[in-house]
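Working notes for the structure below.
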Amino acid sequence: MLTAVDHVQLAAPPGSEDALRAYYSDVLGMRELSKPPLLAARGGCWFVLGAVQLHLGVDEDFRPARTAHPGLRVNGIQEYARRLQERGARVVWDGDLPGHRRFYSEDPVGNRLEFLEPHGPDVGGADVGRPDGSGPDGGDPGGDRP
């Protein structure tokens, strides 16, 4: 019987661990986990926040997925987006998920990440837009879509 998702794994190119540590720990605020010695020898790094683990495994033929991504729930999404932008990350708002504010970004190696926050009295409500309330579609002001 399936009881929970234990972790999500993303791929990363060889030698990217320092950039990934800086991003997932310093920017996103996740805590790095120690990998078991046999697995640590393969490279990569693991992170945790609450009950969620995110593993980054080395792939010699790495290419970031164009659509596959983990969805990361945040509190204070507007401030979170600003934090990522201040650290050089691209933020693309998307208002297509009813009852949520959300945006997409990428980690330092190009893995797509979705950040979302439920909002409004009705999770299926129609009040979806940019966090500043300036648009019904929540789209990027420059017209850029994920």
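Computed from a predicted structure; not experimentally measured.
Atom-to-atom distance recorded for Leu28:CG and Arg83:CZ is 7.5 Å, nearest 0.5 angstrom. In this structure, the separation between CZ on Arg112 and OG1 on Thr67 is 6.5 Å, given to the nearest 0.5 Å.
Residues Phe47 and Val52 fail the side-chain proximity criterion, which asks for heavy atoms closer than 4.5 Å. Taking the side chain as every heavy atom from C-beta outward, Ile77 and Trp93 approach each other to under 4.5 Å. Looking at heavy atoms from C-beta onward, Arg73 lies in side-chain contact with His100 at the 4.5 angstrom threshold. With contacts defined as side-chain heavy-atom distances shorter than 4.5 Å, the pair Glu32/Cys45 qualifies. Between Tyr104 and Leu116, the closest side-chain pair of non-hydrogen atoms is not below 4.5 Å.
Side-chain contact of Tyr24 with Asp107: a donor-acceptor pair under 3.5 Å is present, judged by distance alone.
Between Arg102 and Glu117 there is no salt bridge, since none of the side-chain N atoms of the basic residue sits less than 4.0 Å from a carboxylate O of the acidic one.
In terms of heavy-atom proximity, Pro70 sits nearest to Leu10 at CD-CD2, 3.9 Å.
Classification of the Trp46-His7 ring pair by plane angle, with boundaries at 30° and 60°, yields parallel.
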(message) Under the criterion side-chain contact (heavy atoms from CB on, under 4.5 Å), I'd like the reasoning laid out for Leu33 against Gln53: C-alpha separation, chi angles, the key distance, then a yes or no.
(response) CA-CA 9 Å; Leu33 294 171; Gln53 289 189 27; 3.5 Å; yes
